[in-house]
Protein chains: 2
Amino acid sequence: MRRPTLEAVAARAGVSRATASRVVNGQTTVAPHIRDAVLRAIDELGYVPNSAARSLVTQRTDSVALVVSEPGTRVFSEDPLFSTAIRSALVELEAINKQVVLMLASSPKSHARVERYIAGGHVDGVMLLSMHGADPLPSALSRLRVPVVSYGRPAVPVDIPFVDNDNVGGAEAGVRHLVETGRRRIATIAGPQDMIAGQDRLAGYRNVLRDSDRRSIVAVGDFTRESGAVAMRQLLGDDPGLDAVFVANDLMAVGALQSLRQAGRRVPDDVAVVGFDDIEAAKYTEPPLTTLRHPMMEQAAAMVRLLLNLFEGGPTDPIILPTELVVRESS
Amino acid sequence: MRRPTLEAVAARAGVSRATASRVVNGQTTVAPHIRDAVLRAIDELGYVPNSAARSLVTQRTDSVALVVSEPGTRVFSEDPLFSTAIRSALVELEAINKQVVLMLASSPKSHARVERYIAGGHVDGVMLLSMHGADPLPSALSRLRVPVVSYGRPAVPVDIPFVDNDNVGGAEAGVRHLVETGRRRIATIAGPQDMIAGQDRLAGYRNVLRDSDRRSIVAVGDFTRESGAVAMRQLLGDDPGLDAVFVANDLMAVGALQSLRQAGRRVPDDVAVVGFDDIEAAKYTEPPLTTLRHPMMEQAAAMVRLLLNLFEGGPTDPIILPTELVVRESS
DNA sequence: ATCTCATGAGAGAGCGCTCTCTCATCCATT
DNA sequence: AATGGATGAGAGAGCGCTCTCTCATGAGAT
């Protein structure tokens, strides 16, 4: 009934437990015929090592926590960026044989839960998918002396390796594109200003407007579609004459497009729209959305590499990946 | 340097390891002043139980695997249904203090990986997020005698408790709605026919058409936006006179709307469109999409309940949750 | 023929915890 | 005063594995 142990394998193969262990762990100091006997026993008994016992002695768990620190539940399910990031990380971690424990850190309560879990030594490392600036998690975790890498530059200056895309540069490219196509009154729907991505993309917008001698027109959303729609209505109220809007993410851009449609503005004839992220849905909006693409798979891969380096002592400098302007019909 | 053990806590509190363990595990047979002493020691030392040691003796891991068995990588990242399901399950499992190990079972290779992992006794149970009929995983897992519940009725008749929504009933309601609003030539974009959801929703469509004496016009997609767009073009080629289309999921409906737009058809004037799932994006299409809602949170909760019953011996009958027609402007 | 040394295999400690058994203590009962 | 039963706490086995240490064996060197 119970799963076979190494002891059973050893007994069946007529060797000691130590030798069986050597075979299981691929040590080479075992004579071929003995190794074969052990392998046969393993096969016949359907032996699978007990991981609890193993990690009890090795002090490793071969698993990492993927902590999604996102207070707004809506964003997690709706922003495909999250699932893309998760999937990418999953694929990369599978490749190096690490299990992934997925955890939500939304409320302070779940926050404590995560900390306790990590402190419990359940995982060898942590990948943080968090963006909120005030997030106490990065510093809390780094205090636990657990290897931590972050997706997105942590807002508080904490010494955690991270991967990010070039938010400022991307925003600049997007707004510059609007300037170069002759738009005069370029508004922006900024992301939440307690997120680095929100701040940086707004900074990029301001940089270009300043240089091109235009006035900035700003509304702030929270990266949800709904907030994009609301912000767009607000912008149209503030400045009915605007002829372009740079939206800090595609999800809000979708909302903005809806509001523009409802207000009777044609895109791109009356108002040009540029988003950020290049989510799949950007191809399917009416009209398809001009946006800034950043390679999620590569970012996930970079994160995993950073974590590995943290384990094994390689370089852990932050990695900033470039963005690429994808021009579609909304601009 | 090393994390404190129960032994250290006991020593500091001046009690035996057994007593310290009693306090940690909340047993009541400890005198208050001793319990306080132990708690103080725990606090001072920052003690956290070693889970490997614990599960070595208890034979429990307090974690469950969430296996996403989806060959198409696109669907996982794009279909918000997946992330919603994952988030919901996560929330529900957190509530009962289970960790969640997320695994992808796309390739045969990762398949083997998952099986090995589950067989390794790393988890107390498995939640399967799978839809492909030919999926060998359900039967493979149930053979391992691990508690398994499935989201979506398994295609092969395997004795696994599952949760699903009423796909047939929902499809019927959607198509009936089209009939009742006077549509005559109602096509469908069906889902992949190796998925139960694909089959059942097509069955529902056929049921109503048969009863209302209409001819069925069918194209098949794979639940992706892209395939919806392709299928819609195909339907328009097959029967330019169609005046309604029931699409087996919202993602494909988004693609279909795009194709209809490109073909110059007005929605709903020329062609009515009904989707399925009520994803967030359905509110933001042009025009907003009529669709069938099924409560993801409740389904996740039901799954967790089933799993719990599997652990503790409660009822494990399949749970089928109703769907609800949400009428918007596309019909 | 003796000694040295690499090689392969076993013995056994110990990782940190839970849980059963055992035992001491104390209060209520006769 | 003697007994019985709660009650609370300790001793110690053991979960399944890894890994160091030890030892037996045989090949090569002297």
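Bear in mind that the values here come from a model prediction, so they are computed numbers and not experimental data. Chain letters run A, B, ... following the sequence lines, proteins first and then strands; every chain starts at 1.
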What pairs of donor and acceptor atoms, side-chain ones from residues 30-48 of chain B against any protein atom, are under 3.5 angstrom apart with sequence neighbours left out?
unit_1, atom_1, unit_2, atom_2, d
Glu44(B), OE1, Arg12(B), NE, 2.5
Glu44(B), OE1, Arg12(B), NH2, 3.0

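- Here dT18(C) presents its P atom at 11 Å from CG of Asp62(B), a figure rounded to the nearest Å.
- Under the salt bridge (charged side-chain N to carboxylate O under 4.0 Å, His left out) criterion, Glu92(A) pairs with no residue at all, not counting sequence neighbours.
- In terms of phosphate contacts, Thr19(A) brings no side-chain nitrogen or oxygen within less than 4.0 Å of OP1 or OP2 of dA9(C).
- The C1' atoms of five pairs define one axis at each end of the helix from dA1(C)-dT30(D) to dT30(C)-dA1(D), and these two axes lie 50° apart (to 10°).
- In this structure, the CG atom of Asn50(A) is 18 Å from the P atom of dC15(C), given to the nearest Å.
- Taking both residues in full, the closest heavy atoms of Ala10(A) and Ala20(A) are given as CB-CB, 4.0 Å, listed atom of the first, atom of the second, then distance.
- Against DNA chain C, the stretch residues 30-48 of chain B makes heavy-atom approaches under 4.0 Å through Tyr47(B).
- Take Glu298(A) and apply the salt bridge (charged side-chain N to carboxylate O under 4.0 Å, His left out) test, not counting sequence neighbours, and it matches no residue.
- The salt bridge (charged side-chain N to carboxylate O under 4.0 Å, His left out) test applied to Arg22(B) returns no partner, not counting sequence neighbours.
- Only Ala53(B), Arg54(B), Leu56(B), Val57(B), Thr58(B), listed by number, bring a heavy atom of residues 53-60 of chain B to less than 4.0 angstrom from any atom of DNA chain C.
- Atom CD of Glu7(B) is separated from atom P of dG14(C) by 13 Å (rounded to the nearest Å).
- Here the side chains of Arg54(B) and Arg60(B) are not in contact, with every heavy-atom distance at 4.5 Å or above.
- His122(B) has its NE2 atom 15 Å from the P atom of dG16(D), to the nearest Å.
- The shortest side-chain heavy-atom distance between Ile320(A) and Phe162(A) falls under the 4.5 Å cut-off.
- Side-chain contact, Arg3(A) with Gln59(B): no donor N or O sits under 3.5 Å from an acceptor N or O.
- The side-chain heavy atoms of Leu6(B) and Val24(B), taken from C-beta on, include a pair separated by under 4.5 Å.
- Using a 4.0 Å heavy-atom criterion, one finds that Val24(A) contacts no nucleic acid atom at all.
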Determine all donor-acceptor pairs shorter than 3.5 Å in which one atom belongs to a side chain in residues 137-144 of chain A; sequence neighbours excluded.
unit_1, atom_1, unit_2, atom_2, d
Ser139(A), OG, Pro136(A), O, 3.3
Ser142(A), OG, Ser139(A), O, 3.2

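- Here Ser16(A) does not reach the OP1 or OP2 of dA9(C): none of its side-chain N or O atoms lies under 4.0 Å away.
- Minimum atom distance to the side chain of Leu6(A) is reached by dT18(D), of the listed dG16(D), dC17(C), dT18(D).
- By the salt bridge (charged side-chain N to carboxylate O under 4.0 Å, His left out) test, Glu115(B) is found to be paired with no residue, residues two or more places apart in sequence or in another chain being considered.
- Rounding to whole angstrom units, CZ of residue Arg17(B) and P of dA13(D) are separated by 11 Å.
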N/O contacts under 3.5 Å, protein versus nucleotides 20-27 of chain C?
none

Would you tabulate the side-chain donor-acceptor contacts of residues 303-316 of chain A under 3.5 Å, counting partners in other chains and residues two or more places apart, or write 'none'?
unit_1, atom_1, unit_2, atom_2, d
Asn309(A), ND2, Pro315(A), O, 2.8

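- The environment of Asn97(A) atom CG is dense: over 12 non-hydrogen atoms of other residues, nucleotides or ligands sit within 6.0 angstrom.
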Scan the side chains in residues 118-127 of chain B for donor-acceptor partners under 3.5 Å anywhere in the protein, sequence neighbours excluded, and list what turns up.
unit_1, atom_1, unit_2, atom_2, d
His122(B), ND1, Tyr117(B), O, 3.0
His122(B), NE2, Ser51(A), OG, 3.1
Asp124(B), OD1, Thr61(B), N, 2.9
Asp124(B), OD1, Thr61(B), OG1, 3.0
Asp124(B), OD2, Thr61(B), N, 3.4
Asp124(B), OD2, Asp62(B), N, 2.8

